[in-house]
Number of protein chains: 2
Amino acid sequence: MRLTTKGRYAVTAMLDLALHGNDRPVSLADISGRQDISLSYLEQLFAKLRRNNLVSSVRGPGGGYRLSRDGHEIFVAEIIDAVNETVDATGCGGTADCQQGEVCLTHHLWCDLSEQIHSFLSGISLSQLVERREVQTISARQNARNQPNTELSLSEV
Amino acid sequence: MRLTTKGRYAVTAMLDLALHGNDRPVSLADISGRQDISLSYLEQLFAKLRRNNLVSSVRGPGGGYRLSRDGHEIFVAEIIDAVNETVDATGCGGTADCQQGEVCLTHHLWCDLSEQIHSFLSGISLSQLVERREVQTISARQNARNQPNTELSLSEV
DNA sequence: CTATAACCTACTAAATTGGTCAACTTTAAA
DNA sequence: TTTAAAGTTGACCAATTTAGTAGGTTATAG
């Protein structure tokens, strides 16, 4: 099982999208600025997210990405699966041929664990995260950092 | 968070120890033969398990390893922690300084996930695994493969 | 037409995994 | 008291993955 920055970045970026993408598409440059994730790396991640129909893109000036569904219908597990291939904890990927074609001694344990993790992450939607108080606090901090003063009124019109 | 073959091998090896270590110490060569794990790699893993007081060793001919506690008191989470450093899903390792000294947008999510995984794996002891039917079935298969015939009566005296 | 931003491909540096190998030290059976 | 079994240590290595660069090409709003 893998859960590295790749999956974390993807979820963070999608949450940023859910927070800022209500009215217009959000550019990767904006996400990069707010979340401290390299732009080129974001491009790679969003290519996968797009292939998995989690976001849709708008090209050209003023373009960017939108969630392809309502935030209530996008779950954390999907996002991680999209960029990470799988959240499986077994060595065999669930095919049960871990020891010379037969199941290994601990196969069932890892299956149970995978099930646990997957059901936990499948139960959390982007909208649920948006509603959390800590998320709103942190998001406000990030907005303040990136729009220090005047620009705000201009872009908020 | 990492859960790779390293942690899986360690749990598998410890379970083998719980299954075969009732009367005498078990050599790494035996475990290697039964579980298809390289002997040299097992040596590395058991060095860590020993440092974490999960096993104790008996040197010299007829030596090997024993569980340092009863199987009811050794939990899967401990084993993985011992070889893998941590089963933490956050990027910051729990220190909450993920974004320029402050918490990142998804910090709390990864904390919750870590808590889920850890409590799941902390609730499973080696003895519980030994008692599982599938484990007994697989273990019987492995014993048959490694002691094809006669030797059995000799070593079982 | 020009600036913007998605999209695409190739490359790379660093880290991690999953080992191997050789050279020990310690212990205990014969 | 040999001597062989077994643990211990550290150096090394190939393959893979991660995280990120670089340099382009489309597409489109203004």
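None of these values were measured; they are calculated from a predicted model. These values consider heavy atoms only, across backbone and side chains, with no hydrogens, waters or symmetry-generated copies.
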Partners meeting salt bridge (charged side-chain N to carboxylate O under 4.0 Å, His left out) with B:Asp36 (sequence neighbours left out)
B:Arg145
Are there any protein N/O atoms within less than 3.5 Å of an N/O atom in nucleotides 12-15 of chain D, and if so, which ones and at what distance?
none

Short side-chain to backbone donor-acceptor contact, B:Ser139 and B:Val135, under 3.5 Å
no
Using the ring pair (Phe, Tyr, Trp, His ring centres under 6.0 Å) rule, collect all pairs that involve residues 44-73 of chain A, keeping only residues at least two apart or in two chains.
A:Phe46-A:Tyr65
Within the 4.0 Å heavy-atom criterion, would you say A:Phe46 contacts the bases, only the backbone, or no part of the nucleic acid?
nothing
Side chains of B:Ser114 and B:His118: any donor to acceptor distance under 3.5 Å?
no
Donor-acceptor pairs under 3.5 Å, side chain of residues 54-62 of chain A to any protein atom, not counting sequence neighbours: which ones?
none

Rounded to the nearest 0.5 Å, how far apart are CG of B:Leu129 and CG of B:Leu15?
5.5 Å
Quick one: pull up CG in A:Leu19 and CE in A:Met14 and give me the separation to the nearest 0.5 Å.
12.0 Å
Ion pair check, B:Asp112 and A:Arg132, cut-off under 4.0 Å
yes
Sugar-phosphate atoms are those with a prime plus P, OP1 and OP2; base atoms are the rest. Using that split, label each nucleotide of nucleotides 18-26 of chain C B, S or - for protein heavy atoms under 4.0 Å, 5' to 3'.
BBBB---BB
At a heavy-atom distance below 4.0 Å, what parts of residues 49-58 of chain A sit against DNA chain D?
none
